[in-house]
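Here the structure is laid out as structure tokens; the discussion comes afterwards.
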Protein chains: 2
Amino acid sequence: MADHVDMVLDQWRRRRPDLDVSPMGVIGRLSRLTQLVNTELARTFAEHDLDRASFDVLATLRRSDPPHQLTPNDLMKASMVTSGAVTQRLDRLEARGLVRRTRNEADGRSVKVSLTEEGRDLIDRVLPRHLETENRVLGALTGKQRDTLARTLRELLESLGDTQE
Amino acid sequence: MADHVDMVLDQWRRRRPDLDVSPMGVIGRLSRLTQLVNTELARTFAEHDLDRASFDVLATLRRSDPPHQLTPNDLMKASMVTSGAVTQRLDRLEARGLVRRTRNEADGRSVKVSLTEEGRDLIDRVLPRHLETENRVLGALTGKQRDTLARTLRELLESLGDTQE
DNA sequence: ACAATGTATCTCAGCGCTAAGCTATCTCGG
DNA sequence: CCGAGATAGCTTAGCGCTGAGATACATTGT
């Protein structure tokens, strides 16, 4: 059995036999798989009028310590997008009544973002469905394979500096 | 040692002990790693005034059978983007003189895209640097780990329908 | 006390992509 | 041979993000 990347690797080996293209066997698959998985996850989000960006914000707030308040800066660090993107995400979520921005008494530059009751209800409704989808996407792997995969990905992430500070 | 996803999993387990969030240990890392890797690859592309989109088109043409001619439709299938995106990618590359569009004699609806000499020179210059970067990104893994990883990712891709037709 | 520097957030032009729809051409059954 | 449907590529409005920069407030060193 062969996937799309196998075909790509074959082509390169015919066309450029002088190059070692084996790293593409890993990185090409990573990128392709992430795209397919994201498409699959997007379906579940869409069923609740969400997309990944909004889901990420709601989920990050939901899993934070009570009282579930974070600054835009916290959200930026967690989401790997720029501050401008966070502002716009919050604008959209606030307009839908899913989050609330309040002044930060302790620091006049800053803002506190929290879930509204509606926002919390929504994320609590979506989360189990999201986990089902993730589980289904991983259905081809045994538990042991998943563990090994998670561990290997963690090694790579750590080597690229993605650690808890 | 713990990465960002470990922290996220801990948070969920405290906040929602009723849910099994283990799938996030795999899918969260996949998504996060892909983003970090893409940032790293983008640096190499930028050194040659390229981005991933342009690189993908040039590389797909370069590895195709002589005479390195593909239709926009072929490029669309290979790249997982819409036809509109392919049109725009080709517009940009054509304006820079890196690819050429010619009529398809056999089918008046269609077009043939080929590399110019300049385009071919560029991709041949970038490709080895790109592979070095990919290799460096995978530096934390042994050869055996890379093989296992590639195989596992392929299983997932196949289960999601990403096969050669 | 305050100037200089740092930090938090927001603003916005520009970019690449998608989704929907358009035009031109091809295919095929009747 | 022709009309209906399929196919290939292009167009474009709208979307979310980036990168650069603006604003306001906080911190630091002297």
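Just so it is clear: chains get the letters A, B, ... in the order the sequence lines come, proteins before strands, and each one is counted from 1. Any value given below was found using the heavy atoms of this structure, including those in side chains, with hydrogens, waters and symmetry copies removed.
- The aromatic rings of A:His130 and A:Phe55 lie tilted to each other, with the angle between the two planes from 30° to 60°.
- Per the geometry, CG belonging to B:Asn73 stands 8 Å off C1' belonging to D:dT7, to the nearest Å.
- OP1 or OP2 of D:dC10 has at least one side-chain nitrogen or oxygen of B:Arg101 nearer than 4.0 Å.
- A:Arg109 contributes no side-chain N or O that forms a donor-acceptor pair with the base of C:dT9 under 3.5 Å.
- Rounded to an integer number of Å, the gap from CG of A:Asn38 to P of D:dC17 is 13 Å.
- In this structure a side-chain-to-backbone donor-acceptor pair under 3.5 Å is missing from A:Ser54 to A:Asp51.
- A salt bridge does not link B:Asp121 with B:Arg125: every distance from a Lys NZ or Arg NE/NH1/NH2 to an Asp or Glu carboxylate oxygen is 4.0 Å or more.
- One atom, CG of B:Asp51, and another, C1' of D:dT18, lie 13 Å apart when rounded to the nearest Å.
- What separates CZ of A:Phe55 from C1' of D:dG16 is a distance of 18 Å, to the nearest Å.
- When distances run from any side-chain atom of B:Ala53 to the nucleotides C:dC17, C:dT9, D:dA8, the shortest one goes to C:dC17.
- Residues from residues 78-96 of chain A that place a heavy atom under 4.0 Å from any atom of DNA chain C, listed by number: A:Ser83, A:Gly84, A:Thr87, A:Gln88.
- In this entry the distance linking CG of B:Leu75 with P of C:dC17 reads 13 Å, nearest Å.
- Between D:dG9, D:dT7, C:dT9, one nucleotide has an atom nearer to the side chain of A:Thr71 than all others, and that is C:dT9.
- Rounded to a whole Å, the CE atom of A:Met76 is 13 Å from the C1' atom of C:dC10.
- Under a 4.0 Å N-O distance rule, the pair B:Lys112/B:Asp74 does not qualify as a salt bridge.
- The backbone N or O of A:Arg101 lies less than 3.5 Å from a partner atom in the side chain of A:Glu94, making a donor-acceptor pair.
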Salt bridge (charged side-chain N to carboxylate O under 4.0 Å, His left out) between A:Glu117 and A:Arg120, intermediate numbers included: CA-CA 5 Å; A:Glu117 198 180 340; A:Arg120 175 167 167 151; over 6 Å; no
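- Backbone-only contact: B:Asp107 has heavy atoms under 4.0 Å from sugar-phosphate atoms and none from a base.
- For A:Ser31 (side chain) and A:Ile27 (main-chain N/O), no donor-acceptor pair under 3.5 Å exists by modelled atom type.
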Worked check of side chain to side chain contact (heavy atoms under 4.5 Å, CB included) between B:Leu93 and B:Val113: CA-CA 11 Å; B:Leu93 289 169; B:Val113 181; over 6 Å; no
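- Across the helix from C:dA1-D:dT30 to C:dG30-D:dC1, the helix axis at one end is tilted relative to the axis at the other end by 20° (nearest 10 degrees, each axis from five pairs).
- In this structure, CD of B:Glu105 is placed 18 Å from P of D:dA8, rounded to the nearest angstrom.
- A donor-acceptor pair is defined here as one N or O able to donate and one able to accept, closer than 3.5 Å; no such pair exists between the side chain of B:Arg16 and the backbone of B:Trp12.
- Put simply, CG on A:Asp74 is 13 Å from C1' on C:dT9, counting in whole angstrom units.
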